[in-house]
Every structure is written in C-alpha cells, then in structure tokens.
Amino acid sequence: MKKALISIAALLCILLLAACGNDDSGAGDNEGESKSIKFGATVGPYSDMVTKALAPLLEEKGYEVENQEFTDYVQPNNALSRGDIDANLFQHTIYLEAFAEENEMDLSSVIAVPTAPMGLYSNTFATTDEIAEGSTIAIANDPTNLSRTLLMLQDQGLITISEEVDPLKASIKDIVENPKNLEFVEVEAGQLPRLVDSEDAAAVPGNFALAADMDLLDALALEEMPDNYRNVVAVNTDDLDAQFAKDIKEVIESDEFEQIIDEEFQGFGKPGWMTEE
C-alpha cells in the first residue's frame, strides 16, 4: 500500500511538471503562438495612426491588432488601468502624468510619436505679419492649450510672456507686451475651428483642426511643440518591459513607420528622437 501511494505521488509530480512545462501564461513568447495587442485611441488622427501605421507593421511581426476608439480623454486611461486594453495613444506626457497621479494609476510612456501641432488659422490674413492692430484671436480656455497658444504667439513676435512665469503654465495675465493690442476670445478648444470664420484668427489644436477637416499646412504658423506636449503610446508601468511594448517601440522607431507618417500625416511635428537621427 505504501509503495502504491509513493508511486501515485511520483506520477502526480510528473504530471504537474508536464503541465507547468506546457503553461500558456507567456502567450506570444514562443514561436508560432498567436500574439495580440489591443489599443485604445481617440477618434481622429491618432486612431488613424494606429490603424494605418502601427497595426500593419505590428501585424508583420505576427501580432493581431485591435483598436478600440474613444470619444473622450478619460476612458482610454481607465480602460488601460483596468487591463481592458494593452496600450493607448491619445495624450501627451504632461496629461498622462497628471491623470495617473490624480487617479492613483501606474501608467508610463513607451515612446513619443509625431503629433499634430497647434496652428494659427485665419480667413482674414495670409501671414502673421498682416495681423492688424486690435485684431481678435480665438484661443482655448483650458490651461494646457492656452499656454501652448501663448508660446506660439510669442514665437511669432505677436506677444511677450513674463520671464517670471513658467511658460508651460502661462495665462493671459502673464502677457507683458502686446504691441498690436490683440484681443483674445477664450472658448473651449473644440469650438475653435468654427471661430476661424467669425474672428480674425483662431489658434486651433491639431486634433481639433483635423477633426474639422482643416489642413495643417494652411496655418499661418504652427507651434514649435515641446516634446512633453507630443502624444505618446502609454502602457501600464508593469508592462514597460513586456515584449509587446518593446515591439511597439521598435515599430515606431522604424524607417517604415516614418515613411507612413510622411505620406499620411503631413504637417505632424516629429519628436526629438526622430529628428535628431
């Protein structure tokens, strides 16, 4: 009886070891196994970037790629944190870090991607030099887009921002020079494309410009975007070293990805890592 029990125990150990050896928990690590990545992206250019640039190149690496579209800037991070998606593409680093801290999420950037810049658009003037005394310019009223707008207007010599303020946090009250006495109309960023017709000019964030079928190259000026305002692919921090995250980064760094950007996403500003090569 004792020998029988020992034999049964030994057999169970062998079966257990065999089961461990066949464990699928590392799906996608072994050659021939199916691999999948579920992205989340906001409707518009970044969803297009997933489907037109990322998905085809990742599929060449053997992945099945799904893209879930969102219409707001909250749910993509909630879905990522819950594990409903593997990665998202819709936000810049500043927003990602602030959202993660406020909501106690552990999210990280994998890599920055080419991003649609804010532009100054006008149906009244053909160049920034033509902007006349007392002209009205529609600008975003949210802090992030407002500071970007003011930096762009300063780069064009239209205003000067106080040196005592962090330029990434600048507001209207921080304007110390306004030689043309420009008047600013503050509205929600999503309304800016239609104000190009009713105001002398409007500073429109790139995603809203593209959603309104505006051509980025029609802008009087495009912002010189700091890299922390460029959109990133984000994942849960625990997945930063996962193979799928490494493959996403490798694909974005490829010449093939940049070629698709040049052909399909004209006017998008490239991140520093891409332009320094």
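- A distance-only check finds a donor-acceptor pair linking the side chain of Asp166 to the backbone of Leu168 [under 3.5 Å].
- For Thr149 (side chain) and Asn145 (main-chain N/O), a donor-acceptor pair under 3.5 Å exists by modelled atom type.
- Residues Gly190 and Pro193 come closest through the heavy atom pair O-CD, 3.5 Å.
- Although no hydrogens or angles enter the test, the distance criterion places a donor-acceptor pair under 3.5 Å between the side chain of Glu130 and the main chain of Ala126.
- Applying the ring-ring contact (aromatic ring centres under 6.0 Å, His included) rule to pairs touching residues 94-121 yields Tyr95-Phe99, sequence neighbours excluded.
- The closest side-chain donor-acceptor pair between Asp247 and Gln243 falls under 3.5 angstrom.
- Glu264 pairs by the salt bridge (Lys or Arg N to Asp or Glu O under 4.0 Å) definition with Lys52, not counting sequence neighbours.
- A donor-acceptor contact shorter than 3.5 Å is absent between the side chain of Lys38 and the backbone of Ala87.
- Scored by the ring-ring contact (aromatic ring centres under 6.0 Å, His included) test, Phe244 finds no partners at all (sequence neighbours excluded).
- Pairs engaging residues 232-242 under the side chain to side chain donor-acceptor pair (under 3.5 Å) rule: Asp106-Thr237, Ser108-Thr237 [sequence neighbours left out].
- Using a 4.5 Å cut-off on side-chain heavy atoms (C-beta onward), Ser147 and Tyr229 make contact.
- In terms of modelled atom types and a separation under 3.5 Å, the side chain of Asn231 and the main chain of Phe90 share a donor-acceptor contact.
- At a cut-off of 3.5 Å, with distance as the only test, no side-chain donor of Asn207 or Tyr46 sits close to an acceptor on the other residue.
- For residues 221-234, the pairs satisfying salt bridge (charged side-chain N to carboxylate O under 4.0 Å, His left out) are Arg148-Glu223, Asp227-Arg230, with sequence neighbours left out.
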### Query
Can you list the steps and then say if Glu250 with Lys246 is a salt bridge (Lys or Arg N to Asp or Glu O under 4.0 Å)?
CA-CA 6 Å; Glu250 182 178 312; Lys246 294 177 181 178; over 6 Å; no

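- Evaluation of the side-chain hydrogen bond (donor to acceptor under 3.5 Å, both in side chains) rule for Glu199 yields Thr136 as partners, not counting sequence neighbours.
- Formation of a donor-acceptor pair under 3.5 Å by the Thr51 side chain with backbone atoms of Asp48 is found in this model.
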